[in-house]
Amino acid sequence: MNINWTINDLGLPGVSGEESLLARVKNLPLTFAEISQLSGRADRIGVTRAFRKVIETFPVPEQEIPAGFKVVLSFAERVLRVDLVRDISYDKNNCLRPTKVLFSADSANPYEIAPIRDYIANLTCNPGIIYDLFINNPDANVGNHFKTRDEVMAEIGRILGSGADISVELNDPFGKSDSELLEEAEKFREMLSEYRVVIKVPHTGVVNASNVGNLLAGDKRLNMHYNSPATEDAFRGHRLALLLREHGFRVNFTLMFEPWQAALALQARPYFINSFIRHRLIQSKTIDHYLKLYQNTADKKYLEQLREFMVDKDYLPGNQANMDLDTVFNEAESILKHRQFRTHEGADGLDAVRQNLRLLRESNLPDTRLIVCSIDGNDNYPDIDRLLSTNEYSDMAGRVVVTAEPRYLARFTSANQVVSYQRRFLNAANGMG
């Protein structure tokens, strides 16, 4: 016989003045073991100040708990206190979402976000997504209705409600002082609330305030190798991440393309780390293609084409367009070796995902999640889906957020036989047999 226990079965009187708030959790399920553990330890039951603040911030219907929060119980002076703690793994009413893997929209288009709002636990965007893909795109920003970043973000916040975190990137991590960056972040916190806002901080590498202008003028290239940054420049993003964390912000530490970035990124205690997939995999395939052409023909024109490609994709700095071809060959081989591209570990481009999950598993940051991002094409999502159901990684599925443009995720709700069967059903309903 199954007996359904709830908080109500504790039989504790409510703290005066908190009855309406306690009504939201009176039917919260408890196990018999929890009932036994809690009984006799308190004289009354109430809510925390944090509980009250969440309800004031997200005024959901009576007897409901907002999505994006889990219930936590604690004791204080013989009072059992009910708290609400931010956790995007939870839907409304303290119910876990259907799957451990969470989904996220990589978009700033309110019209695309609205149809997917009930199925995502996060949203990510950046200046390119906000301005290039939406505000300044007349096909997306219908009638030029939205004119500023703040208008866009406020509307996205309204659409998503309480259940989804919103990762937004600072416009310029190089040209502003720490106080100016904190002021910009604070503006987002006021707009989206402390519960939802996540500040995206990019890795900066060799880019700094002195040379960032080179990316905006002339051939828009740096004359520095990407793996030779000054120490201060390389750790600027890490420092900003820690600075924001010290001021109460959660950080999405972004622009993570190689698995070796993860362990140092975790030192900044981010809320999210990232694995960028699409372009990196495409580039690996292109490098491998040129190397095979050269190895099969010994024609150095393929190494010249490879060199041009590597300059174009910033593997080589702009001032090394005439690099010795043997060096080009060796650098290209090194790239594929570290990506394990010619093995099962990296042939699908998910080597960084695998390594990042291993690092997270062994980390002391239980609330940090991995965002798998920059995915597209026929293979990326199916490969990720299979990876997270394997024996090695199934235990880490609850630490993963898969983000993509809503239209890309929508592809994987369909199949060819959906069309075939709909044809059959609709014609049958029309009496056509």
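Any value given below was found using the heavy atoms of this structure, including those in side chains, with hydrogens, waters and symmetry copies removed.
The backbone N or O of R411 lies less than 3.5 Å from no partner atom in the side chain of S414, so there is not a single donor-acceptor pair. With T48 contributing its side chain and F51 its backbone, the two residues share a donor-acceptor pair below 3.5 Å. A side-chain donor-acceptor contact under 3.5 Å links S39 to the backbone of I35. Counting only distance, with no hydrogens or angles, the side chain of N93 and the backbone of I65 share a donor-acceptor pair below 3.5 Å. The closest donor-acceptor contact from the side chain of R236 to the backbone of P173 lies under 3.5 Å. Using modelled atom types, one side-chain atom of Q261 and one backbone atom of F257 make a donor-acceptor pair closer than 3.5 Å. Of the possible donor and acceptor atoms, one in the side chain of E184 sits under 3.5 Å from a partner among the backbone N and O of N171.
Contact annotation: the side chain of E186 never approaches that of L182 to less than 4.5 Å [non-hydrogen atoms, C-beta and beyond]. A 4.5 Å side-chain heavy-atom check between S20 and E62 finds every atom pair outside the cut-off. With a 4.5 Å cut-off on side-chain heavy atoms, E392 and L357 do not count as touching. Between H338 and E258, the closest side-chain pair of non-hydrogen atoms is not below 4.5 Å. Between I273 and L360 the shortest side-chain heavy-atom distance falls below 4.5 Å. Considering only heavy atoms from C-beta on, L30 stays 4.5 Å or farther from D9 through its side chain.
Using cut-offs of 30° and 60° for the angle between ring planes, the Y111 and F146 rings count as perpendicular. Between F103 and Y381, the angle of the ring planes lies from 30° to 60°, which puts this pair in the tilted group. A tilted orientation is assigned to the rings of W5 and F32, their planes being inclined by 30° to 60°.
In this structure, Y302 has its ring center no closer than 6.0 Å to that of H289.
Rounded to the nearest 0.5 Å, atoms OG (S162) and OH (Y90) are 15.0 Å apart. With rounding to the nearest 0.5 Å, the separation of CG in D314 from CZ in R221 is 5.5 Å. Rounding to the nearest 0.5 Å places OG1 of T204 at 9.0 Å from CG of L255. Between F272 atom CZ and D367 atom CG the span is 11.0 Å, to the nearest 0.5 Å. To the nearest 0.5 angstrom, H279 atom NE2 is 8.0 Å from D376 atom CG. Here the CG atom belonging to N109 is positioned 8.0 Å from the CG atom belonging to N141, to the nearest 0.5 angstrom.
Heavy atoms of other residues, nucleotides or ligands lying less than 6.0 angstrom from NZ of K300 number 12 at most. Counted within 6.0 Å of NZ on K220, heavy atoms from surrounding residues, nucleotides or ligands total 12 or fewer; the atom is thus considered open. Heavy-atom contacts from other residues, nucleotides or ligands closer than 6.0 Å to CG of N364 number 12 or fewer. Annotation: Q295, atom CD; neighbour count of heavy atoms from other residues, nucleotides and ligands within 6.0 Å is above 12. Heavy-atom contacts from other residues, nucleotides or ligands closer than 6.0 Å to CD of E19 number more than 12. Atom OH of Y421 has 12 or fewer neighbouring heavy atoms from other residues, nucleotides or ligands inside a 6.0 Å radius.
With 3.5 Å as the limit, one finds a donor-acceptor pair spanning the side chains of S284 and R339. Side chains of N380 and Y408: no donor on one and acceptor on the other come within 3.5 Å. In the model, D87 has a side-chain atom that pairs as donor or acceptor with a side-chain atom of S89 under 3.5 Å. Side-chain contact, R369 with N122: no donor N or O sits under 3.5 Å from an acceptor N or O.
A salt bridge links R250 with D165: the closest approach of a Lys/Arg side-chain nitrogen to an acidic carboxylate oxygen falls below 4.0 angstrom. For E56 and K53, the salt-bridge test fails: no basic side-chain N is under 4.0 Å from an acidic carboxylate O. R278 and E405 are not joined by a salt bridge, as no carboxylate oxygen comes within less than 4.0 angstrom of a charged side-chain nitrogen. Ion pairing between R158 and E155 holds under the 4.0 Å rule for side-chain N and carboxylate O. Using a 4.0 Å cut-off between charged side-chain N and carboxylate O, E333 and R342 make a salt bridge. Look at R407 and D106 and you find no salt bridge, because none of the NZ, NE, NH1 or NH2 atoms lies under 4.0 Å from a carboxylate O.
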Determine whether D351 and R280 satisfy the following criterion, side-chain contact (heavy atoms from CB on, under 4.5 Å), listing intermediate values before the conclusion. CA-CA 11 Å; D351 57 302; R280 180 175 178 271; 2.9 Å; yes
Kindly determine whether D383 and L387 satisfy side-chain contact (heavy atoms from CB on, under 4.5 Å), including the steps that lead there. CA-CA 6 Å; D383 286 345; L387 174 70; over 6 Å; no
Working for side-chain contact (heavy atoms from CB on, under 4.5 Å), residues L240 and L170: CA-CA 11 Å; L240 289 177; L170 304 176; 5.9 Å; no
Derivation and outcome, side-chain contact (heavy atoms from CB on, under 4.5 Å), residues F249 and F188: CA-CA 10 Å; F249 292 95; F188 285 121; over 6 Å; no
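The cationic group of R86 lies under 6.0 Å from the six-membered ring centre of F69 and within 45° of the ring axis, placing it in a cation-pi geometry.
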